[in-house]
Amino acid sequence: MVEITSPFGGSMRLLHLPKSYPIHCNMVSASNTFGSAHLKLQNKEPCSRLRPCRVKREENNQTADVESISMDENTLKQDLETAVQEENYVEAAKIRDKLKELQEDNKASVLSANSRFYQSFRNGDLAAMQSLWSKSGNPCCVHPGAKGITGYDYVMESWELVWMNYEFPLLIELKDVEVHVRGEVGYVTCMEFVKTKGSSSWGAQFVSNVFERIDGQWFICIHHASPVDI
């Protein structure tokens with residue numbers, strides 16, 4: 001049995017979760033999380049089923065388009081290096097501009113995936129959230145004040161648990177958003193502010209969202225939200 005005072009604010013509820021649920025043997029007390037409420041997870045069962053928060057990239061068959069994107073970027077980098085070595089600076093400038101354009105396109109795609117994540121979060125849309133997460137490896141989710149949850153199914157169950165007491169849509173604002181892309185991995189960092197209906201205060205979190213490109217699409221594989229005092 002899990003005793004929870006919701007992290008967004010709201011009444012306490014008792015839930016019966018499956019024994020395999022990875023967070024049910026943690027005890028966590030967090031404050032100033034999503035409207036200054038508390039999250040408490042309790043169970044007297046042994047913690048032998050807890051799995052560390054870790055993401056492993058599995059080998060997968062990439063489509064021709066994804067291979068082409070990676071190949072284009074690598075080829076451009078090699079061509080740029082060759083042009084510089086040959087002191088062909090005019091050609092090097094053209095290649096650098098093409099490379100920058102490709103990298104900016106990748107950043108825009110990651111930001112778009114991040115926006116879809118927050119749209120599903122804002123609306124409590126579980127079906128949309130399910131479609132946004134990577135099913136390969138061990139995706140990891142760290143909700144504010146709680147330990148890491150790994151595995152696609154467990155992560156989805158955790159969102160149902162977090163959302164169970166709230167009216168939607170939630171008010172969510174992002175500030176200080178930064179995006180970086182390195183090959184098939186991109187990540188977004190930002191300050192996340194969440195306010196629930198009926199609450200007079202905002203919960204603040206520093207968030208890192210990591211995405212991986214699979215078959216030409218960006219999927220979130222890590223969401224880590226750390227509560228911040230404001």
Side-chain angles (χ1 to χ4, degrees), residues 51-121 128-144 148-152 155 172-193 204-226 228:
R51 293 183 295 166
C53 185
R54 180 173 58 222
V55 170
K56 293 181 180 179
R57 177 70 182 268
E58 289 184 344
E59 293 297 325
N60 54 73
N61 295 323
Q62 301 292 335
T63 64
D65 287 341
V66 177
E67 291 176 347
S68 177
I69 291 171
S70 299
M71 191 179 301
D72 287 347
E73 187 171 353
N74 292 332
T75 300
L76 285 172
K77 289 179 179 179
Q78 292 173 1
D79 291 346
L80 178 59
E81 184 177 349
T82 300
V84 171
Q85 291 174 349
E86 294 176 352
E87 299 184 357
N88 187 348
Y89 299 119
V90 173
E91 183 64 19
K94 292 179 181 179
I95 296 172
R96 182 194 59 205
D97 290 342
K98 290 180 181 178
L99 186 58
K100 183 177 180 180
E101 183 178 345
L102 180 61
Q103 291 170 341
E104 290 303 315
D105 286 345
N106 288 338
K107 287 182 179 181
S109 296
V110 171
L111 283 175
S112 178
N114 193 67
S115 178
R116 291 193 296 273
F117 168 77
Y118 275 105
Q119 187 65 15
S120 66
F121 188 174
M129 184 66 78
Q130 289 171 336
S131 71
L132 296 171
W133 278 80
S134 170
K135 297 180 177 66
S136 67
N138 281 315
C140 177
C141 186
V142 184
H143 295 292
I149 303 164
T150 59
Y152 176 82
V155 169
I172 300 179
E173 294 184 4
L174 305 181
K175 295 184 178 180
D176 303 327
V177 178
E178 294 187 10
V179 59
H180 304 272
V181 178
R182 299 289 185 273
E184 302 303 298
V185 176
Y187 64 95
V188 176
T189 60
C190 62
M191 281 296 300
E192 168 194 290
F193 298 89
Q205 291 72 233
F206 180 81
V207 173
S208 300
N209 289 327
V210 181
F211 299 83
E212 61 176 340
R213 184 162 47 197
I214 302 173
D215 294 340
Q217 298 184 46
W218 290 97
F219 294 89
I220 188 166
C221 57
I222 300 175
H223 169 71
H224 190 147
S226 299
V228 176

With a 4.5 Å limit on heavy-atom distance, are the side chains of H143 and I149 in contact?
yes
Smallest separation among heavy atoms of C190 and L174, with atom names
SG-CD2, 4.1 Å
Check whether any side-chain heavy atom of N88 sits under 4.5 Å from a side-chain heavy atom of V90, and report yes or no.
yes
All heavy atoms of V228 vs all of Q205, minimum pair found to be CG2-C, 4.1 Å
Hey, what do you get for CG (D79) to CD (E86), rounding to the nearest 0.5 Å?
10.0 Å
Looking at residues at least two apart in the chain, or sitting in another chain, which of them share a salt bridge (Lys or Arg N to Asp or Glu O under 4.0 Å) with K77?
E73
How about R116 and S120: does a side-chain donor come under 3.5 Å of a side-chain acceptor?
no
Please report the interatomic distance CD(E178) to CE(M191), rounded to the nearest 0.5 Å.
13.0 Å
Looking at OH of Y89 and CD1 of I95, how far apart are the two atoms once the value is rounded to the nearest 0.5 Å?
13.0 Å
Would you check if the side chain of S115 reaches a backbone N or O of L111 as a donor-acceptor pair within less than 3.5 Å?
no
Test item: Y152 side-chain N/O and Q130 main-chain N/O as donor-acceptor pair under 3.5 Å:
yes
Going by heavy atoms in the side chains, are F211 and V188 under 4.5 Å from each other?
yes
Answer whether the closest heavy-atom distance between the side chains of V207 and Y118 falls below 4.5 Å.
yes
CG of N106 to NE2 of H180, rounded to nearest 0.5 Å, is 14.0 Å
Measure the SG-CG distance between C221 and L132 for me, rounded to the nearest 0.5 Å.
12.5 Å
Closest approach of G183 and R213, non-hydrogen atoms and distance?
O-NH2, 3.2 Å
Is there a side-chain contact between C141 and W133, using heavy atoms and a 4.5 Å cut-off?
yes
In terms of heavy-atom contacts, I172 and E192 come closest through CG2-CG, 4.5 Å
Just by distance, do the side chain of S109 and the backbone of D105 share a donor-acceptor pair under 3.5 Å?
yes
Look at the aromatic rings of F117 and H223 and report parallel, tilted or perpendicular, splitting at 30° and 60°.
tilted
Compare every heavy atom of G148 with every heavy atom of V142, then report the nearest pair and how far apart it is.
CG2-CA, 3.8 Å
At their closest point, which heavy atom of S134 faces which heavy atom of S136, and how far apart are they?
OG-OG, 3.1 Å
With sequence neighbours left out, write down each residue that passes side-chain hydrogen bond (donor to acceptor under 3.5 Å, both in side chains) with Q119, or none if nothing qualifies.
R122
What's the spacing between R96 CZ and E101 CD if we round to 0.5 Å?
13.5 Å
